[in-house]
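Written below as structure tokens is the structure these notes are about.
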Amino acid sequence: MVNTLSYFAEKKAEEAENLRIFSGVKLLHIKKQVEKLLSHIGDNDIFSEYTKHDISHIDEMLKIVEWIIPEKTKNILSASEWMMLVLSIYFHDMGMLVTKEEYDNREKTDFINYRKSAYNGDFGLEYAKKIKSLKEPDKFLYQEYVRKNHAKRIKMWITGELDEEFYFTKKIAEEIQKLMSSIDTMFKHDLAIICESHHLYNLDDYSIYDTNKCYESSNEGKVNLQYIAIILRTVDLLHITMDRTPAIEYHTFCPTDPVSVIEWQKQMAVRAVKPTEMRNEDGDIDKTLQSDSISVTAYFEEANQAEAFFALMDYLRYVKSELQTNYDLIQNSIKKQGTDDYLYPWKNVDDKGIKTKNFSNHLLKFELDQNSILQMLVGHTLYNDSSVVIRELVQNGLDAIKLQNEIERKNKETLTKGIIKVTLDEENNILSFTDNGTGMTVFEIENYLLKVGTSKYSSKTFQKEHPDFVSISRFGIGILTCFLVADDIEIATCSSENNEANRIFFRNVDGKYLLKSMQKEELPKEKRMSLVAVGDALIHAALYLDASTGNNTYDFSYMFTEVEPLIKDYDLKYYNQETIIGGKNLGVSHYPRFNSPDEIALNLVDIGFNL
């Protein structure tokens, strides 16, 4: 029974009770009521064979929050962000509540169409066959119908905006509305969206998940909705440990549905989910290093648990893909929204701690010889003409320039005049390609440049941002053509979106690479030189007499006061000295000898001429 708020996230959220938008809110009271409501998930034999979705699931998610959010981000989260996260954890699974009244009125809802689709085989023939073999198919189907819609249900219950489909859930909605009565309406609306989000795939939509939503003027009233939604999804995915499927309840409930049996066995085997310990360059564990991987420890003891083992491995592959998606979303927001302090390092799942007994845990799979494949790709099997490198890299430059121009059009900026230069330094045997396109971020280097066959332009994120952009490059193998003509490759790049500059060194096609961050000013500069040339300095007698200052000295500088500003920005400033400058030694003269004073040259050098 809940008597206190025990977890770090709850204590931080409790501080928000002092804000205007939460005037009258008592988080402990809300949690006590949530505990009561969640205890009824499984009533009426709906979800009775499911893994636990009671208050213990909430508490375990809150424990995961304590390590899933990096310390730097914990320190900057506002009280409202903690409140949004904690409340979304409390309520996210509430949509699985089913009352007897709701189930008895199922024929008056859209459930009849769901059932019809199931029997017609729309969800697969095996699924339809399974339904027909059940003693109470309607209970199973209604459970699946609710599971499919449970995120939408809790959204409607929080907002109080029930449609006809969920009319018979109004009693639950009224209870939740009572709990929410003291919470700001706009905050409550966004909480509903966050709760629904854990079953949606639209977290890249900033119009829904604002990264800087303000509910009041103080910094404590600000919420990064996207970040909170991503953390909610992550901690929900990661609560798969055996405490969610205790053995005593497994044997008491004795689930009969084969899927439920496997699900229970899968989670009963999982002992721990925690961040992977990082090692330094010496191979020693270094607790100061931020982990980017999640370790899973599990033990499958019986041979009849093999299916559960493979189910867990499949699930972890899904978790890994979700972590990578979340990581990409956060990186994109840092780049586009400036959310630098909202960190999400998780990209991988470490399954080395999963052990088995009485059956092999070795997953058989096709193996590719990386070196042979790369040699094939850059060898004559794919390209039989080494000059193709010029075509491929020029195409890459064209795409980068086209994208730069598209970004500038969207931002209503002056379009960059595209430049692509190909130069050959024969003395040092260096072939260089230079363009003034968008450049690459570290994320783009690691996820597109270094992944053969993966193109940024083909990614879902890019196509959503630039639906009308058509690239020349399609297959993501252009960089490999460089190895047709070179053993060593160096790339210097600067992203136009965040001025992030990097240098990448490659030493042969199947070797490693070195990535070095650098200042934008360190990038190789294009060598340009400007020249201005003016006409003849032909000194007639009238000119040097006018410039005379007496005692055979002259000053022509006043004659060039309007010339000086015209030439000052050029590197090379040329003028043609039409007359000789013999000065006093030869005697100043005009036509036909034209010997001019020394001062004409000195004065022209003073204003900037150097040729």
Side-chain angles (χ1 to χ4, degrees), residues 34 37-51 53 88 90-180 188-203 205 207-209 229 232-233 236 255-260 263:
V34 166
L37 288 169
L38 291 177
S39 69
H40 291 289
I41 294 178
D43 288 359
N44 306 306
D45 289 329
I46 307 293
F47 298 114
S48 59
E49 294 188 356
Y50 261 55
T51 52
H53 288 81
S88 66
Y90 284 178
F91 286 97
H92 76 286
D93 276 340
M94 195 74 75
M96 295 172 70
L97 277 172
V98 179
T99 63
K100 185 175 185 302
E101 178 190 11
E102 177 190 348
Y103 180 71
D104 289 344
N105 284 283
R106 63 190 181 282
E107 300 294 334
K108 300 174 184 178
T109 69
D110 192 52
F111 168 68
I112 57 175
N113 293 320
Y114 180 87
R115 180 175 58 195
K116 182 179 179 180
S117 295
Y119 277 112
N120 286 342
D122 293 355
F123 307 143
L125 296 178
E126 284 296 320
Y127 191 79
K129 182 179 177 182
K130 172 186 174 180
I131 295 165
K132 293 170 184 175
S133 69
L134 297 174
K135 291 182 180 179
E136 294 184 286
D138 256 23
K139 282 201 171 181
F140 172 80
L141 282 173
Y142 198 76
Q143 169 183 285
E144 294 304 293
Y145 171 70
V146 170
R147 182 181 63 81
K148 178 185 175 184
N149 290 290
H150 84 276
K152 181 180 178 182
R153 286 157 65 95
I154 186 56
K155 177 187 176 184
M156 289 187 152
W157 293 349
I158 291 174
T159 60
E161 300 169 357
L162 295 183
D163 58 21
E164 292 182 5
E165 184 180 350
F166 301 117
Y167 174 77
F168 296 103
T169 67
K170 62 181 181 179
K171 287 186 178 178
I172 302 175
E174 288 169 358
E175 289 300 314
I176 290 174
Q177 284 293 301
K178 289 179 187 176
L179 276 178
M180 298 283 183
K188 191 161 51 178
H189 173 269
D190 289 336
L191 172 62
I193 289 173
I194 298 295
C195 288
E196 184 186 31
S197 72
H198 78 291
H199 266 226
L200 299 177
Y201 291 90
N202 62 345
L203 295 181
D205 190 339
S207 67
I208 300 173
Y209 305 100
L232 171 65
R233 176 173 296 198
D236 192 34
T256 55
D257 174 25
V259 175
S260 295
E263 188 66 21

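Excluded from the calculations below are hydrogen atoms, water molecules and symmetry mates; all remaining heavy atoms, backbone and side chain alike, are included.
Nearest heavy atom pair, residue V146 against residue G95, reads CG1-O, 3.5 Å. The two residues A128 and A118 make their nearest non-hydrogen contact at CB-O, 3.5 Å.
Residue D190 holds its CG atom at 11.5 Å from OG of S88, rounded to the nearest 0.5 Å. One finds the OH atom of Y90 at 11.5 Å from the CG atom of L179 (value rounded to the nearest 0.5 Å). Note that CD1 of I154 and CG of L191 are 8.0 Å apart. Values are rounded to the nearest 0.5 Å. Considering NZ of K155 and OG of S197, their distance stands at 10.5 Å, rounded to 0.5 Å. The line from CD1 of I176 to CG of L97 is 7.0 Å long, rounded to the nearest 0.5 Å.
Side-chain contact of E144 with Y114: a donor-acceptor pair under 3.5 Å is absent, judged by distance alone. Side-chain atoms of H199 and H92 form no donor-acceptor pair, as typed in the model, at a separation below 3.5 Å.
In this structure, H189 has no side chain to side chain donor-acceptor pair (under 3.5 Å) partners at least two apart in sequence or on a different chain.
Relative orientation of the H150 and H198 rings is perpendicular, given thresholds of 30° and 60° on the angle between their planes.
For the pair R233 and Y201, the cation-pi criterion (under 6.0 Å, within 45° of the ring axis) is fulfilled.
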